[in-house]
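Everything on this sheet refers to the single structure shown next.
Computed from a prediction, not measured in an experiment: that's the story for all the values here. In what follows, chains are A, B, ... by sequence order, proteins preceding strands, each numbered from 1.
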Amino acid sequence: MSNQQNQKQQPATASDGITPRAQDYGQWYLDIVKRADLADHSSVRGCMVIKPHGYAIWEKLQRELDDRFKATGHVNAYFPLFIPLSFLAKEEEHAAGFAKECAVVTHYRLKAVDGKIGVDPASELEEPLVVRPTSETIIWAQYKSWIQSYRDLPLLINQWANVVRWEMRTRLFLRTAEFLWQEGHTAHATEAEAREEVSRMLAVYADVAENVMAVPVVRGRKTEGERFAGAIDTQCIEGMMQDGKALQMGTSHYLGQNFAKSADVKFLNKEGQLEYVHATSWGVSTRLVGALIMTHSDDNGLVLPPKLAPIQVVIVPIYKTPDEQARTTAEVQAAATELRAQGLAVKVDDREGLQPGAKYYEWERKGVPVRIEVGPKDLEKGSLCVVRRFVLEKDGESEQDLRKRKKQFLPRAEAIAGMTALMETMQKDLLARAFAMREKKTRIIDTLEDFEAFFKGEGGGFAWVHWAGTHEDEDAMAKRYETSIRCIPFEDQIPEAARGPGKCILTGKPSAQRVLMAKAY
RNA sequence: CGGGGCGUGGCUCAGCCUGGUAGAGCGCGAGCUUUGGGAGCUCGAUGUCGCGGGUUCAAAUCCCGCCGCCCCGACCA
């Protein structure tokens, strides 16, 4: 597509092979995924291969999440990939919600016929097995035998797993037929306790989004139409991508007693009475890697928050003679050792046969936050050349000035001692930048005219609007403007100027508070 | 499911209209010279041209059928 023009030209900038965002945002995203070596399309429709660099980011995210799950009292377990069809069918609403995207296993054997291997028709399963699109039903079937008394509650379990949803259209990380995620499934004695769990885990997600991923999020609950199939309440965090579209980054559901009833999970309470258990479930997926890319990256490649960068500092030796090579390499190793002692993830790039410039571009593309160059002059001066992947842009700043600000020659000791602080600064800067970007594309809107103008002319973003429409009205808005209610935000999530009651933007009916409208991924 | 595109060395693609037995750039390997923002030269290796059938003396190329993937839309985390 648009990157074909670059094909046979000499690379002019670091962005070679990456379509600029302004030209084609969707293509830019794909280019980043490929050029930063995060993932590949596989030969299976809709399924991706997560490459080591992409997987390393996921592993760091996993660690951050898992630590928080443990800290809030959860333990990990693992349940089967296959769900008997009858299990899924038990919770009607749930089944209906996922029916259209289920992969189904119907046979268990292959057979060679005329030299060709194929499905053995004689091996048909008595009951088809659904490849889990989510695990509520199989897990609750098990909970039935685990829960008898209030003493067994709360049951706080998380599972790290892959799930399959046969989506009609897929996009690397954002929506793949198979994806990796975590799903928490908890059982509680009371509604209040379960609802508290829902809020607790949403807070964990928001914490990871903002303080680890550096992606500011709006917290709220879904409208009836957008709720998880089978849930009574779905809470979510919504991030804004650089094109102004919203991305749902995590959900936490109060499932009421629906699943307990369909799986017949009762417990004896303190008063000696049988009661159905209250359930929650909550999850985030590899989609978060997509959110990371679309929030922070630029036309030169991936930009990663230091907390999630598999490599935080890359050090490149520069030399001409074998003597210089020996000396700079020794210094590079020494610096690496000292930085690692601070707990930093450091990579020494002493590959031969690649010029330093080639290495710079590669690591920029891959989003390494800081690069250190060590040449003969640095050895003489006892300095290190510290180059940041990004700095906060100033208005009207030239490309050269920006580049100059990224690069600093620092006394060796200062550079090394200050590295952890620099990581923290960059982590904060990234969040601040993402926040500013979101603010810039956020409007308080009171009329349909302004609404339409915002989503057409200005390219859209987050719109705070009053809403008192029906489910049908929501659909009408979606058809007309391609927007949806991303969430009904919690009171403290609404900008102060936008709080309080008003009139529905569509129907004019009284509205208690504003909702968040946006186009969404 | 509808619309579009693509399938040829590892990658991106040219060649196809007008059939004559496969090319370029990048990458890869060796050697020499290079190295503070993508190195240069020399030599070298690498192909069931998506699959099946047909037409023909001859098919990457023409015809028929099939398959797969990607992109755009309707559905979704």
Could you tell me how far [M] sits from [N] if I compare only their [atom1] atoms? Round to whole Å.
| N | M | atom1 | result |
| --- | --- | --- | --- |
| B:U8 | B:A60 | P | 15 Å |
| B:G27 | B:G68 | P | 35 Å |
| B:C43 | B:U55 | C1' | 44 Å |
| B:G44 | B:G52 | C1' | 37 Å |
| B:G7 | B:C62 | P | 12 Å |
| B:C28 | B:G9 | C1' | 11 Å |
| B:U21 | B:C26 | P | 26 Å |
| B:G40 | B:A59 | P | 41 Å |

To the nearest Å, how far apart are [X] [atom1] and [N] [atom2]?
| X | N | atom1 | atom2 | result |
| --- | --- | --- | --- | --- |
| A:Gln27 | B:G4 | CD | P | 20 Å |
| A:Trp181 | B:C76 | CH2 | P | 16 Å |
| A:Met241 | B:A77 | CE | C1' | 13 Å |
| A:Leu402 | B:G37 | CG | P | 18 Å |
| A:Arg175 | B:A74 | CZ | P | 11 Å |
| A:Lys406 | B:G37 | NZ | P | 15 Å |
| A:Asp37 | B:G10 | CG | C1' | 13 Å |
| A:Glu482 | B:A74 | CD | P | 7 Å |

For [N], the Watson-Crick or wobble partner whose two distances fall under 3.5 Å:
| N | result |
| --- | --- |
| B:G31 | B:C41 |
| B:U56 | none |
| B:G2 | B:C72 |
| B:G47 | none |
| B:G10 | B:C26 |

Check every atom of [options] against the side chain of [X] and return the nucleotide holding the closest atom.
| X | options | answer |
| --- | --- | --- |
| A:Arg371 | B:C76, B:G36, B:G37 | B:G37 |
| A:Ala358 | B:C75, B:G38, B:U35 | B:G38 |
| A:Tyr361 | B:A77, B:G36, B:G38 | B:G38 |
| A:Lys407 | B:C71, B:A77, B:G37 | B:G37 |
| A:Asp378 | B:C76, B:G37, B:G36 | B:G36 |
| A:Glu167 | B:C70, B:U35, B:C75 | B:C75 |
| A:Phe409 | B:G36, B:A77, B:G37 | B:G36 |
| A:Ser285 | B:A77, B:G37, B:C69 | B:A77 |
| A:Cys385 | B:C76, B:U35, B:G36 | B:G36 |
| A:Met168 | B:A74, B:G37, B:G36 | B:A74 |

Would a line drawn from the ring center of [X] to the ring center of [Y] be shorter than 6.0 Å?
| X | Y | answer |
| --- | --- | --- |
| A:His185 | A:Phe259 | no |
| A:Phe451 | A:Phe455 | yes |
| A:Phe69 | A:Trp282 | yes |

Strictly by modelled atom types, are [X] and [Y] linked by a side-chain donor-acceptor pair under 3.5 Å?
| X | Y | answer |
| --- | --- | --- |
| A:Glu178 | A:Asn162 | yes |
| A:Gln159 | A:Ser135 | yes |
| A:Thr170 | A:Thr176 | no |
| A:Ser484 | A:Arg486 | yes |

Next item on the list: Kindly say whether, by distance alone, the side chain of A:Glu373 makes a donor-acceptor pair under 3.5 Å with the base of B:G37?
Entry: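 Between B:G37 and A:Glu373, which were checked side chain against base, a qualifying N/O pair under 3.5 Å is absent.
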So what does [X] touch, heavy atoms closer than 4.0 Å: a base, only the sugar-phosphate, or nothing?
| X | result |
| --- | --- |
| A:Phe179 | base |
| A:Arg165 | base |
| A:Thr170 | sugar-phosphate |
| A:Leu30 | sugar-phosphate |
| A:Gly290 | nothing |

Next item on the list: Could you check A:Lys359 against A:Phe228 and say which one's nearest nucleotide on RNA chain B is further toward the 5' end?
Entry: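 Nearest-nucleotide comparison on RNA chain B picks A:Lys359.
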Margin query: Pick the closest RNA chain B nucleotide for A:Arg287 and for A:Lys320 by heavy atoms, then say which residue is nearer the 5' end.
Written below: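 Nearer the 5' end of the strand: A:Lys320.
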Notebook entry, point to check: What is the ring orientation for A:His253 with A:Phe228, classed by angle as parallel under 30°, tilted 30 to 60°, or perpendicular over 60°?
Noted result: parallel
Next item on the list: Identify whether the distance between the nearest side-chain nitrogen and carboxylate oxygen of A:Arg480 and A:Glu452 falls below 4.0 Å.
Entry: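 Looking at A:Glu452 together with A:Arg480, the answer is no, because their closest N to O distance does not fall below 4.0 Å.
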Margin query: Is A:His41 close enough to B:C70 that one of its side-chain N or O atoms is under 4.0 Å from OP1 or OP2 there?
Written below: yes
Interface polar pairs with nucleotides 27-31 of chain B, N/O, under 3.5 angstrom:
none

Item checked: For A:Trp181, ring-ring contact (aromatic ring centres under 6.0 Å, His included) partners two or more places apart -> A:Phe179
Check: Is A:Arg21 close enough and on-axis enough to A:Trp28, meaning under 6.0 Å and within 45°, for cation-pi?
Finding: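 Because its charged atom sits under 6.0 Å from the ring centre and within 45° of the axis, A:Arg21 does stack over A:Trp28.
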